[in-house]
Amino acid sequence: MKVFDTIDAFQVWRRASGTDRIGFVPTMGALHIGHQSLIERSVTEADQTVLSIYVNPTQFDNPDDLKKYPDRLDQDLLLAKTCGVDAVLLPRYDEIYVDGFRYAVDERHFSKTLCGRHREGHFTGVLTVVMKLLNIVKPHWTYFGEKDYQQFELIQGMAHALFLDGEIVPCPTIREASGLAFSSRNVHLDEAGRQLAPRLYALLGSASSDAEVARQLTELGFAVDYVVTGEARRFAAARLGEGVNQVRLIDNIPLKQVAR
Ligand code: PAF
């Protein structure tokens, strides 16, 4: 497995990969079983798999969230190697934001709803960095988890609107036995948070209205950002804990999984 910490060196490798079909998994590191499932899909479908690990500051609306984002590079590289990744790209801010973030990709409708309504500028940061990464990696397939369904939809829409090559591939959310979706942020849950967190998924699937689910989550101790039905899915975001220890959980399920 090759590890590149400059974009230039990566691009030399990429050019040499010739006609190979490239699968790409962009991440912010702190890899878990959800990421592993994306990597495994790519390794199965593509000739070569590229993983990027880059904690993108422009998508964080909250500086504390950025500061405490888990950093586990050694473990991530070990997992990547075990899963059969061919190349890892570890870009630096000054390289990837060569323009100092003067240029950005902005979506003006869906990105302003759901998480975008609660995290100003978040999706502009995501779309901009993903656009840059896609232009660097030039993948045939890029894999995203459906846990971040709004992110997946926006990236797929960007690829369509801006005539990008390659396919944006959605992959199912991977859950713990409790139903809690795997997320890099779960490591910050305290014992009480761990007990409560699976209730988010359980209530999303209940027959109650969105407003009633929000009420029940609030009663349990969640600070609810939203519970919304749309796009044939039900989406929720809610926070557990206080102050800098607060953990924001997001989840969504297709409406066919909602009890009637
Ligand atoms: O989902 C993530 O980990 C990030 O939003 C992504 C797509 C790697 C962009 O920084």
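Note that ligands are numbered from 1 as they come in the structure, with each ligand's atoms numbered from 1 the same way.
Note that CD of Q150 is 11.0 Å distant from CD1 of I155, once rounded to the nearest 0.5 Å. In this structure, CG in N56 is found 9.5 Å from NE2 in H122, a value given to the nearest 0.5 Å.
In the hydrophobic cluster analysis, where Ile, Leu, Val, Met, Phe, Trp and Tyr join through side-chain heavy atoms closer than 4.5 angstrom, L240 is grouped together with V213.
Taking atom 4 (C) of ligand 1 as the reference point, the nearest protein heavy-atom neighbour is Q59 NE2, 3.7 Å. At the top of the distance list for atom 5 (O) of ligand 1, counting protein heavy atoms only, stands Q151 OE1, 2.7 Å.
The proximity of I155 to ligand 1, defined as any non-hydrogen pair under 4.0 Å, does not occur for either the backbone or the side chain.
For ligand 1, the atoms lying closer than 4.0 Å to a non-hydrogen atom of V129 are 9 (C), 10 (O). Which parts of ligand 1 touch P26 is read off a 4.0 Å heavy-atom cut-off, strictly below it: atoms 8 (C).
Between F144 and F152, the ring center distance fails the sub-6.0 Å criterion.
Side-chain contact of E45 with Y143: a donor-acceptor pair under 3.5 Å is present, judged by distance alone.
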